[in-house]
Amino acid sequence: MAENKLFNRIESIKIRNISKKYGEIKALENLNLAIEGGELLILIGPSGSGKTTALKTINRLIEPDNGQIKINNHDIMNFEPVKLRRNIGYVIQQIGLFPHLNIRDNISLIPRIEKWDKNRINDRVEELLDLVDLPKIFAKRYPSELSGGQQQRIGLARSIVMDPPLLLMDEPFGALDPILRKQLQIEFLKIRKELGKTIVFVTHDIEEAFKLGDRIAIMDKAKLVQVAKPNELILNPKNDFVSQLVSSHKKFMHMDNLKVKDLMVELSNKYIFESSKNNREVAQKMKKNGIELAVTVSDSKLEGIANFNIICTAKNKDLREVTEKVHTFSPEKCLSEAVAELKEDKNTLAVVVENGRPVGLMLTDKLLLELV
Amino acid sequence: MFIELAELWKSNKLTIRTIQHLSMFGIAMAFTIVIGIAVGIIIYKNKKSSNTVFNSLNVIQTIPALALLVFLLPIFGLGALPTIVASVLYSILPIARNTYAGLTSTGKDYIETGKAIGLSNTDILLKIRIPLALPMIAGGIRIAIVFTMGVITLGGLIAAGGLGAPLQTGIHLYDKQLILLTGVWVGILALALDGIGALAEKLLSKKYSYGNR
C-alpha cells in the first residue's frame, strides 16, 4: 500500500543551531536539542520563551532562519512540507476541530484526501474513538455539540489518524479546567503507552511537565537553558531560573518525581564489613574510622547492620551474631513510597541495595534536611 | 374588490408576467452567483488585484441602474438580455465582496491546524476556507437578490417583459390600481425571495458556525 510513510519510527530528531528572528525580536537563538526516539520531551518556559516556535520548526510550520533539523538523519528541508506534516501528528490548545465537519469527517480529513476506501475510514474512526474513550455515536456529531474535554480527545484522535511516529502537542490541555486537565493527563499517559510514539509536548505548567515528561527542556528568552530528566532538574538546576521554575528548594513537592538514589547517602567502603569477621577487630576499625554503624555483608551481599555499642559488648563473637535485619530499598524506588514504608515500620534507617550489594543509606533525619 | 383585482390581474396577464419576471431573475441570479463567487476567489488568490477589481465593481455600482440599462442598449439592444446583463453587473459586487471577506477572515487557528495536519493550500481553500465562508457568501447573495429584483423590474422600460411591463403600463395610463397591484406583488415576491435567502443564511451559519467557543 502506498502509504506515503516517510519514517516508520523515529530514531532521533536532531535540532542543530537553529535561530529565528521576527524583525528585531529573537524568537529562537541557537537552539540545539536532540530528541530520542520514543521519548516524551517537554518544552517548557514562560510565554515568549520560544517553546512553541521550536515545536513548529519540527513540522516546518515555521522555518528557521538558519540551522538544521534532522529526523532519522534526514534534513527535513528535503521533505515536502505537506508530506512531512502528514507524517507528524499535531494537537493544539485551541483544538481546531473544523466546525463544518462532523467528528468522523474531522478525524478522517487527511485519509479522505489520500483516498482511503470508505470501510477503512470507518474502521479507523471507530478504532480511534474507542482509543480516546468516546462512544461510536459521536462520529456523526458536530464539534459544537461536544464539551471541551471531548473536543480535545477528538483533536488527539485526529492527530494520530495517519499513525504518525511523531506527535507534536502545543499545550493540548491548556484551555481545560484544572480537574479535567488532570483527568486527561492520566488518560493521555495511558494512551501514550499503547501508542509508543515519540512526543514533543509544549506546556507552561511545571506540574504537567513533571507528570508527563521523560525529559524536560527548559527555555527562557529564546534560548534553551537546560534539558534533563525531572529528578536531575530538581537536584542539579543549572541556574536560578531553572531552580525557581522547578522549585528545587522545595524538594518535598517533588517526592513523587524523586527516587531513592537521588537522596541516599552513598555508602563508602569503611562502613562495610564481612560478617565472618571477629567483633574485636571490627570494633577497632570502627573506632579508628569514627563510625558507629557497620553494614555487614557476606560475599558482598547485604546481611544487615550492627551497632557499635552492641559490637563492643560482644567482642568474642563474630559480627554475624550481632547483625540485625534492616529495611532495604532499591535505588529506583519512588522516594515518597520509601518514606511511607519507613514511617510505617517506625524505622529511621534503611539500606539501599542494588543487585544484593549495599550501595547507600537512607537516613530519615538527613532526608528531612534535604527535602526542606 | 377581489373580483376587480382578479380581473385586473387577468387583463394584464400578470401570471405570465410573473413567470417571465422570475425566469429572468433566476437566470440573472445564477450568473451573478457563479461570477460573484468566482471573482471573489480569483481576487483572493491574487490579492494585489483586489483593489482594482473592487474599484471597478464599485464604479459600476455607482451608475444608476437606469443609466446602466441605457449604456447597454447600443451593445445588447432592447429586451431581456440587456436587463439580465445589467442586473448581473450590478449584483456581482456584494457577492464578490462577501466571498472575498469570508475567505480572508477564516479563523487563523483553523488555517494553522489545517496546515499542521498536512492540508495543501488548495485543500485549505476548498475544504476549509470556502465552507467556512458560506454564511458570508449567503449574506452577499441576499443583497444581490434585492438588487437583481430591482433591476429586473426596471427592465420593463426596455421591453424586457416581466412585472416591469404592467408597471410601465400603469404609469403611462395613470392606472393607480394597476400600479398598486403590480407594485405590491413585486414587493411581496422580493420579500419572499429575501426570506428564502435569510433562511438559507441562517441554516448555513448554524451549520458552519465557529462552534461553541
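Bear in mind that the values here come from a model prediction, so they are computed numbers and not experimental data. Numbers restart at 1 for each chain; the letters A, B, ... are given by sequence-line order, proteins then strands.
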> Hey, what do you get for CG (A/Leu97) to CG (B/Asp109), rounding to the nearest 0.5 Å?
Replying inline: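 A/Leu97 atom CG to B/Asp109 atom CG measures 11.5 Å (nearest 0.5 Å).
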> Can you tell me how far the CG atom of B/Leu119 sits from the CZ atom of A/Phe98, to the nearest 0.5 Å?
Replying inline: 6.0 Å
> Going through the checks in order, is the side-chain contact (heavy atoms from CB on, under 4.5 Å) test met by B/Glu112 and A/Tyr90?
Replying inline: CA-CA 10 Å; B/Glu112 191 172 83; A/Tyr90 192 76; 4.1 Å; yes
Crowding at [atom1], [X] (>12 non-hydrogen neighbours, <6.0 Å):
| X | atom1 | value |
| --- | --- | --- |
| A/Ile179 | CD1 | no |
| B/Phe71 | CZ | no |
| B/Asn58 | CG | yes |
| A/Lys20 | NZ | yes |
| B/Lys48 | NZ | no |

> Between A/Ile88 and chain B, which part of the residue has a heavy atom less than 4.5 Å away: side chain, backbone, both or neither?
Replying inline: backbone
[X] and [Y]: which non-hydrogen atoms are nearest, and at how many Å?
| X | Y | value |
| --- | --- | --- |
| B/Thr113 | A/Arg158 | CG2-NH2, 2.9 Å |
| A/Pro99 | B/Leu132 | CG-CD2, 3.6 Å |
| A/Val82 | B/Ser120 | CG2-CA, 3.9 Å |

>> Looking only at heavy atoms and a cut-off of under 4.5 Å, which of A/Leu168, A/Val161, A/Ile113 has the most pairs with chain B?
In response: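 So the answer, after comparing A/Leu168, A/Val161, A/Ile113, is A/Ile113.
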>> One pair to check against side-chain contact (heavy atoms from CB on, under 4.5 Å): A/His100 and B/Leu134. What are the steps and the verdict?
In response: CA-CA 10 Å; A/His100 59 294; B/Leu134 283 180; over 6 Å; no
> What residues of residues 122-130 of chain B sit under 4.5 Å from chain A when you count only heavy atoms?
Replying inline: B/Asp123, B/Lys127, B/Ile128
> Restricting to pairs with a member in residues 12-61 of chain B, which pass ring-ring contact (aromatic ring centres under 6.0 Å, His included), not counting sequence neighbours?
Replying inline: B/Phe54-B/Tyr100
